[in-house]
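Every chain is numbered from 1 and lettered A, B, ... according to where its sequence line falls, protein lines coming before strand lines. Since we're looking at a predicted model, the values are computed, not measured.
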2 protein chains.
Amino acid sequence: MPYDPSDFPPFAVTVDLVVLTVRRHSLCSLAVRRGESPFKGRWALPGGFVRPDEDLAQAAARELAEETGLCVHDPAAPAQDNGAHLEQLATYGDPGRDPRMRVVSVAHLALAPDLPAPRAGGDASNARWAPVEELLGQNGYGREGEPVAPLAFDHAQILADGVERARSKIEYSSLATAFCPPEFTVGELRRVYEAVWGVALDPRNFHRKVTGTPGFLVPTGGTTTRQGGRPAQLFRAGGATLLNPPMLRPEV
Amino acid sequence: MPYDPSDFPPFAVTVDLVVLTVRRHSLCSLAVRRGESPFKGRWALPGGFVRPDEDLAQAAARELAEETGLCVHDPAAPAQDNGAHLEQLATYGDPGRDPRMRVVSVAHLALAPDLPAPRAGGDASNARWAPVEELLGQNGYGREGEPVAPLAFDHAQILADGVERARSKIEYSSLATAFCPPEFTVGELRRVYEAVWGVALDPRNFHRKVTGTPGFLVPTGGTTTRQGGRPAQLFRAGGATLLNPPMLRPEV
DNA sequence: GTGTTTATCGTCAGGAAGACGACTATGATC
DNA sequence: GATCATAGTCGTCTTCCTGACGATAAACAC
């Protein structure tokens, strides 16, 4: 299908971000409050235009840094600083998804360890970490029973897709470690799985599984008691990215 | 990040298609020959502009129908006609991927049963099914040793991503049946797995696995000897979409 | 010291998968 | 028509992984 460069339908291209973290035993997403119409005052996912000289991944990384200060892990770098995992999620281009014009949004998924506090271009009151069930508002009410306005645009769909991607991807990859600080214990990693999947896991079987998977975890030698109880060994993420056999998400 | 609708960078948005099928025991992709510069005369993936009033999935389905005559399966419809599976793959937006202008391409992956012959807008000489190893030209040479020009634009990357998606997705979903005609035998399904993964599978273990997975296959009652040998039962694809536990791809 | 919490090791039974033997029902060939 | 080659189908055996769960270890709070 040849085409004429001077004659194409005009589109705007944006990146939207699903930034997930685990706080207080629940899976949370970054949300920003819209300051303008449409959907003024409603919560939305962070995002913005792709610049003319910019790759899609670069645009997503730039937006992520602007909103959270996080830099993106270089997959080549073995030891991790305070970086986040970033990957393309999906692209949303319904003709009516933005009432003003035709906007195609390339959504990205970012996974980050628990962060001090969000900043939305310096304005913290317009950004927050919210539990995903609250943002998705299955029943239309938040955790305290207050009514919750749905996310702007089609962002509820995007968030749901991002959460589903994260839930399935930690099954067969070592990505759950992206939710953890550079050094973490087996119990902390287990609480990540429990929060993301919303289930309880047997600590003994989980310990056997993760410590028995080659390349998943490497002991640092240190221990910590920051979770209380008996001191636990500290680990770093190993080089393995694919878990074979995978972690099994309990039925129902 | 509020933005002004009247002031955004101009992008062209296209859909490109990775259309895969299994022919003569090998995984093949649809390729079309470019009639114009740039990359004139080179092979490329089929694709085209998204129209102003069109969803991304609609645009992909339209291109698929134009190139192959295939219609897309309605996931709700139980019994299958000659439709194909279609899903979004990924989006490619490097600033330099098209030398003429900034083009963002939303690639889609289609899986189809073996088809009679391709048609490229009615011109069959400019479209063909080619084994993916040949199109990806790992060594720069085709199966008869002739030099192979790489695919146009970044289409080799897109094709590689599509093939990898197909390879991994048939592990944990019933998607391999999308490569089969409406009624097929266990052996035919096994040959699909063997072609896509490029490995040999044990017929007995494969038979036990697929017939023992609830909802994967439903017997039609008929038999066929079209593969030679003892008559084999015919099956249709069952309602199950996710295989749990998954099919295991043999190590290396 | 006692109780609580978390971490870690061990045991056992059930299920799934790889390796592979055996038998069956066709068409092709002599 | 007997023989052979080809595919399909059913079983067996061993090994590995998982879920359920008992038991011990090492910290802290009182």
Side-chain angles (χ1 to χ4, degrees), chain A residues 24-25 170-172 180 183-195 197 199-236 240 242-252, chain B residues 24-25 170-172 180 183-195 197 199-236 240 242-252:
Chain A
R24 283 180 280 112
H25 288 207
I170 64 173
E171 289 187 50
Y172 58 89
C180 294
E183 296 200 349
F184 54 88
T185 69
V186 172
E188 289 164 347
L189 183 62
R190 175 169 49 81
R191 279 175 214 105
V192 165
Y193 275 91
E194 291 178 332
W197 284 345
V199 298
L201 299 176
D202 185 286
R204 297 157 292 189
N205 292 336
F206 183 87
H207 189 278
R208 177 183 60 192
K209 172 70 177 173
V210 297
T211 57
T213 300
F216 193 7
L217 303 180
V218 286
T220 66
T223 62
T224 182
T225 61
R226 62 187 172 216
Q227 299 291 338
R230 171 177 165 179
Q233 285 186 72
L234 285 169
F235 294 87
R236 283 186 299 102
L242 255 47
L243 305 183
N244 199 324
M247 297 288 305
L248 290 185
R249 175 160 31 164
E251 316 275 321
V252 183
Chain B
R24 284 181 279 112
H25 287 206
I170 64 172
E171 289 188 52
Y172 58 89
C180 295
E183 297 200 350
F184 54 89
T185 69
V186 173
E188 289 165 346
L189 183 62
R190 175 168 49 81
R191 283 181 271 280
V192 164
Y193 275 91
E194 291 178 332
W197 284 344
V199 298
L201 300 174
D202 185 286
R204 297 158 292 190
N205 292 336
F206 184 87
H207 189 278
R208 177 183 60 193
K209 172 68 179 175
V210 297
T211 56
T213 300
F216 192 7
L217 302 180
V218 285
T220 66
T223 60
T224 182
T225 61
R226 63 189 172 215
Q227 300 290 339
R230 171 176 165 179
Q233 286 187 71
L234 285 168
F235 295 87
R236 283 187 298 101
L242 255 47
L243 305 184
N244 200 324
M247 297 287 305
L248 291 185
R249 175 159 33 164
E251 317 273 322
V252 184

Expressed in angstrom and rounded to an integer, what is the separation of [X] atom [atom1] from [N] atom [atom2]?
X	N	atom1	atom2	answer
Arg208(B)	dG18(C)	CZ	P	8 Å
Leu248(A)	dG15(C)	CG	P	15 Å
Asn205(A)	dC17(D)	CG	P	14 Å
Leu201(A)	dC21(D)	CG	C1'	16 Å

query: Between Arg236(A) and Glu183(A), is there a salt bridge with N-O shorter than 4.0 Å?
result: no
task: Under 4.0 Å between any heavy atoms, over every strand shown, what does Arg226(A) touch: base, sugar-phosphate, or nothing? Just pick one.
output: nothing
Of Arg249(A) and Gly229(A), the one whose closest DNA chain D nucleotide lies more 5': Arg249(A)
message: Please pick, from dT9(D), dG8(D), dA25(C), the nucleotide with the shortest atom-to-atom distance to any side-chain atom of Pro231(B).
response: dA25(C)
- prompt: Taking the side chain of Arg191(A) as heavy atoms from C-beta outward, which of dT6(C), dG8(D), dC21(D) is closest to it?
  reply: dT6(C)
message: Please determine whether any donor N or O and acceptor N or O are separated by less than 3.5 Å between the side chain of Arg230(A) and the base of dA7(C).
response: yes
Side-chain donor/acceptor of Arg204(B) to base of dG8(D), under 3.5 Å: no
Presence of Lys209(A) side-chain N/O under 4.0 Å of dC17(D) phosphate oxygens OP1/OP2: no
